Protein chains: 2
Amino acid sequence: MPISNISKQFGNAVRSRRIASGLSQEKLAEKAGLHPNYIGKIERGVRNATLDVSNRIARALKVGLPKLIEEAQQKRSNAKK
Amino acid sequence: MPISNISKQFGNAVRSRRIASGLSQEKLAEKAGLHPNYIGKIERGVRNATLDVSNRIARALKVGLPKLIEEAQQKRSNAKK
């Protein structure tokens with residue numbers, strides 16, 4: 001299936017939260033139990049994360065998954081960074 | 001990756017909402033642009049849905065994805081049906 005808007009929006013929200021938390025991609029990957037390259041792909045919106053992976057990232061960022069998705073969908077308008 | 005708790009929780013929440021909306025799996029599948037078998041697998045928690053697929057299902061159920069995930073995670077305790 002092609003890459004969806006929501007994946008790009010989610011990637012932007014993850015990157016914002018990660019940077020605000022002062023975490024590197026490597027550190028976030030370690031906390032979430034994922035490969036650093038995979039975090040990079042999620043942030044760039046070039047991978048469609050599963051609910052499971054999204055949830056692990058949200059937990060590593062200490063935010064609920066519903067909240068993180070809400071942020072992602074709200075950032076729709078300024079997602080071009 | 002193995003099937004996660006959140007996939008099972010999400011499946012239960014989707015099934016509850018679908019039944020409450022009076023939709024068959026076939027009808028929900030049609031609205032979401034997915035195969036009926038796939039909806040069945042999501043509901044049974046035997047497939048890890050991507051954010052994109054989850055969002056399409058949420059839209060077809062006329063609920064926001066954050067809200068649907070919230071319901072899924074709240075139903076953790078009575079998910080054994």
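In what follows, chains are A, B, ... by sequence order, proteins preceding strands, each numbered from 1. What you see is a predicted model; the values in this text were computed from it and never measured.
For Gln25(A), the side-chain hydrogen bond (donor to acceptor under 3.5 Å, both in side chains) test picks out Glu43(A), with sequence neighbours left out. Every side-chain contact (heavy atoms from CB on, under 4.5 Å) that Glu30(B) has, sequence neighbours left out, goes to Lys27(B).
Looking at Ile6(A) and Leu65(B), their side chains come closer than 4.5 Å, going by heavy atoms from C-beta outward. Looking at heavy atoms from C-beta onward, Leu51(B) lies out of side-chain contact with Gln9(A) at the 4.5 angstrom threshold. For the pair Lys67(B)/Pro66(A), no side-chain contact is recorded, criterion being any heavy-atom separation below 4.5 Å from C-beta on.
Taking NZ from Lys8(A) and CG from Asp52(B), the interatomic distance works out to 11.0 Å, rounded to the nearest 0.5 Å. In this structure, OG1 on Thr50(A) lies 12.0 Å from CZ on Phe10(B), to the nearest 0.5 angstrom.
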